[in-house]
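Pasting a structure here, questions to come.
For clarity, every value in this text was computed on a predicted model and none was experimentally measured. Hydrogens, waters and symmetry mates are skipped; everything else that's a heavy atom, side chains included, is used.
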Amino acid sequence: MYLSTCRSTWILVRASTLSAIPSSTSTSTSTSAVSRIFYSPSLSRQIQPAPFSVSYRSFSFSSALRSLRCSVPRWSYGVDRCSPINLRAQIRTASSVIERNVATMASEHPFKGIFTSLPKPGGGEFGKFYSLPVLNDPRTDKLPFSIRILLESAIRNCDNLQVSKDDVEKILDWENTAPMQVEIPFKLARVLLQDFTGVPSVVDLASMRDAMKELGSDPDKINPLVPVDLVIDHSVQVDVARSENALQANMDIEFQRNKERFAFLRWGSTAFLNMLVVPPGSGIVHQVNLEYLGRVVFNSDGVLYPDSLVGTDSHTTMIDGLGVAGWGVGGIEAEAAMLGQSLSMVLPGVVGFRMTGKLCDGVTATDLVLTVTQMLRKHGVVGKFVEFYGPGLASLSLADRATIANMSPEYGATMGFFPVDHMTLKYLRLTGRTEETITMIEEYLRANKMFFDYNEPQEERVYSSYLELELADVEPCVSGPKRPNDSVPLKDMKSDWHACLDNKHGFKGFAVPKQEQNKVVKFTFHGLPAELKHGSVVIAAITSCTNTSNPSVMLGAGLVAKKACELGLEVKPWIKTSLAPGSGAVTKYLHKSGLQKYLNQQGFNLVGYGCTTCIGNSGDLDESVASAITNNDIVAAAVLSGNRNFEGRVHPLTRANYLASPPLVVAYALAGTVDIDFEKEPIGIGKDGKHVYLKDIWPSNEEIAEVVQSSVLPEMFKSTYEAIAQGNPFWNQLSVPSSNLYAWDPNSTYIHQPPYFKGMSVDPPGPHGVKEAYCLLNFGDSITTDHISPAGSIHKDSPAAKYLMELGVQRKDFNSYGSRRGNDEVMSRGTFANIRIVNKLLNGEVGPKTIHIPTGEKLYVYDAAMKYKSEGHDTIVLAGAEYGSGSSRDWAAKGPMLLGVKVVIAKSFERIHRSNLVGMGIIPLCFKPGEDAETLGLTGHERYTIDFPLRISDIRPGEDVTVTSDSAKSFTCTLRFDTEVELAYFEHGGILQYVIGSLSKQ
């Protein structure tokens, strides 16, 4: 914590060291935007973690902190800003208790012998740390850097309760134990949320407090025990584009739509300890994490340890580019982690990915990441870490590395990790970290053999498997039209597009008849003649954390726009263009370089700081464009600098969606179509009447580097994040309820108390099977979380729309599914509501309906599920490979649970989604290799029975389970409860029920 000795300086305090101290009532106020109590620009980067995390597993420690309940008021916006001295006295009281407990535990720590001082170069010490070299075990030298982080955490947190010496030995012996799929606990340093997943997480925490009260226990036991950072970035939509006032207009609409959600989050930041909320309009969560929140090394009350985190967004992995271990988990898992539960995981294999050489001129980091994604998808890295190394890394900026790490979910890995090296330190300086902090980071990591120095000899590390890429072999490319791992070399794009038009419906096919492929649709756009063809670009968006954090590609896009303007090229006015960077620093360097004005001339005006188009917040297309597409069945295209392009995600009317670098987004917008060979065909005709080709407007690497060098400055990052702490008028004026228990409004359509814990008892319900269950849905491969729980617009004829209209909500105020994730009534109706979902029970018909098997009725999925529930029938889901791929989305598990789904049987599951299903008490089963519903002759019209023992002790992780049907068919599946901890969650009915039961008994 940081205490001021000057009465005129206010201090930023994270409530870390009192994170277990229950609270008194807070008051409504509208002071600082980000800080938990006080704010000081000079100290705004000094956000502290929970101290010495091993302490949180000591019941005596927790009890000691709880004994301070009456004497220490809760830290909140309501603290008297004029009385810091009084607060300091309270802090000293609490800190003395903490220090006594920490001192006691340190003396009893199994690895106290390697608890070592880290001296400062000029004298004194930075603090103490658990030294891997002092462990004197030669196996540590061969461990991948990413595994060393797991090892350090296990050693530091070893209490022989949640983390044992056997767990430490498993990690030390990683080379032999990883192939055996052994289970380990991982205690992380912090949790990261964005608002789409953050709102339901805070709703769950508020509901858990109510449940604790109903069980006769203390509601204040429900408090985050590790720092929680929540960045509001998923709510802004591109309602206004191609306008100088787009930023302000979209922000006005955002607050108007989401005022209730934002007020609820602000209540959460005061009601729960240790929670930091970054206001809307500040940036994209992963870019804010990279530039501001990422610590790299924690120094918590004199104990040094590596930064680590899990986040409720799958692209949390972007922080891996900074050498910080982080990955996405379900919101349900994250909530348990906040409350002190260790993360139970299978010790992963690590793929060593060696890079050599350097990228050729004209090749971007986006081209590189799309190439790497395709390579790793082919190699197979699901459930594994990927660790990048080799001489090629020396030529990759940290922003390039972060781009590669960001797309770990797309290539299937848990992490895409880059060890800390000199390039990392250079980036920390660029983004405004202090020299003292950077020195501490370097000294600690070097001392603990976690720093990679290319100038020093390195012990050869062992990896589970190896890949190699010569960077000079990477070509310019895009990815699509429906999956991020379908990379297409730019030179092959035209032929690939025509093949997609020809191919039958699928990931690479639209089945457009030959005679229809060349049709031209003419229409009028605001009085101007306009036309569309198959492949016409109607959305071109520079957006997403993946690319907007990278100055080289952002300034490269500006240079393309500049050269196009100078040659007289213009983007057609009916193309919806937008620029939504992930940080205010991007705006600063675009303006300093003088390139923003050229982007504006091409329609790429700043529309907001958030995810926008990448998550489906594209806003409406102009009515004339939308009508031309729908009335003529045009396969329209979107080109975006994002990371996800699943069908139906970007916009309901863009069936073809391509991921591309920001410069290529501008180029495709200028061309107006994806049906172009940039090497042979002109983009357009210049003001001199001559053809203009891509090569005429494409900047060289030297041009880009020169602009980056002169325009991207540390002061830009410092001033940007000082401004974040000040908030904005909309946020600062939100009123905050004063109670620690949330006052649920029964009339709210945004925030609603979920039913998960109603009627819950302390004793677990035990394991369950299903008897004669019906199949609610029968899917093929690659059903994504966007199919299961869409985040985008609410269709006017859907069950969710009907529910909202019955409550008096007008269609213009529907907002999106993502924005209404705090209301289970809306979200359960939105489950399996994607208009592009394909359910085999409908025999080829596309849409969010199914067949009610007993009657043969075709109903919306929600209506069919409610009919089954009213009749007392369980339901299951049949699926193919990669079920639940895409974004980390807890509602893709919560929704099916509320619909009554008890089991999902699939060929394979995406990692996070399987975990989410487990967390909600749904049984995940996998068909045996070579089998699926089709090979087994299952139509989905059968009734299914699955029996489990009555005692959880009789069930084993990964065991075989027999499924029988009323058609006399039976088959064997693998039970995908992967650890003993997951079986414990199953016994309790879910992970949150497990946590409530555990806390209520303390």
Arg401/Asp421 salt bridge by N-O under 4.0 Å criterion:
yes
CD1 of Ile284 to CG of Leu290: how many Å apart, nearest 0.5 Å?
12.0 Å
State whether Lys718 and Glu722 are salt-bridged, where the test is any N-O pair (Lys NZ or Arg NE/NH1/NH2 against Asp/Glu carboxylate O) under 4.0 Å.
no
Within the 4.5 Å heavy-atom criterion, are Leu135 and Ile155 side-chain neighbours or not?
yes
Contacts of type salt bridge (Lys or Arg N to Asp or Glu O under 4.0 Å), residue Glu335, not counting sequence neighbours:
none
Are Ser146 and Met415 side-chain neighbours, meaning at least one heavy-atom pair lies under 4.5 Å?
yes
Would you tabulate the side-chain donor-acceptor contacts of residues 113-123 under 3.5 Å, counting partners in other chains and residues two or more places apart, or write 'none'?
from: Thr116; atom 1: OG1; to: Ile114; atom 2: O; distance (Å): 3.0
from: Ser117; atom 1: OG; to: Glu125; atom 2: OE1; distance (Å): 2.4

NZ of Lys142 to OG1 of Thr140: how many Å apart, nearest 0.5 Å?
11.0 Å
Can you name the residues that form a side-chain hydrogen bond (donor to acceptor under 3.5 Å, both in side chains) with Lys165, not counting sequence neighbours?
none
Which heavy-atom pair separates Leu172 from Leu143 by the least distance, and what is that distance?
O-CD2, 4.1 Å
I'd like to check Asp218 versus Asp220 (side-chain heavy atoms, cut-off strictly below 4.5 Å). Are they in contact?
yes
Using a 4.5 Å cut-off on heavy atoms from C-beta on, say whether the side chain of Tyr444 contacts that of Pro306.
yes
Set of salt bridge (Lys or Arg N to Asp or Glu O under 4.0 Å) partners for Arg139, sequence neighbours left out:
Asp137, Glu169, Asp173
Test side-chain hydrogen bond (donor to acceptor under 3.5 Å, both in side chains) on Glu183 and Ser344; report intermediate values, then the result.
CA-CA 7 Å; Glu183 177 187 355; Ser344 177; 2.6 Å; yes
Closest heavy-atom pair and its distance - Pro144, Val462:
CG-O, 3.3 Å
Side-chain contact test, heavy atoms from C-beta onward, threshold under 4.5 Å: evaluate it for Glu333 versus Val310 and give yes or no.
no
Determine the minimum heavy-atom distance between Leu425 and Ile441, stating which atoms define it.
CD2-CG2, 4.5 Å
Less than 4.5 Å apart, side chain to side chain, heavy atoms only: is that true for Pro348 and Thr414?
no
Cation-pi between Arg156 and Tyr130: NZ/CZ under 6.0 Å from ring centre and within 45° of the ring axis?
no
The salt bridge (Lys or Arg N to Asp or Glu O under 4.0 Å) partners of Asp167 (sequence neighbours excluded) come to Lys170
Could you list the residues that satisfy salt bridge (Lys or Arg N to Asp or Glu O under 4.0 Å) with Glu456, not counting sequence neighbours?
Arg446
Side chains of Leu188 and Val191: closer than 4.5 Å at any heavy-atom pair?
yes
Would you call the rings of Phe145 and Phe452 parallel, tilted or perpendicular, taking 30° and 60° as the class edges?
perpendicular
Could you give the distance from CG (Asn448) to CG (Leu132), rounded to the nearest 0.5 Å?
4.0 Å
Could you tell me whether the side chains of Asn550 and Asp400 share a donor-acceptor contact shorter than 3.5 Å?
yes
Only one of Tyr463, Phe418, Phe417 passes ring-ring contact (aromatic ring centres under 6.0 Å, His included) with Phe388; say which it is.
Phe418
Which label fits Phe186 and Trp327: parallel for a plane angle under 30°, tilted from 30 to 60°, or perpendicular past 60°?
parallel
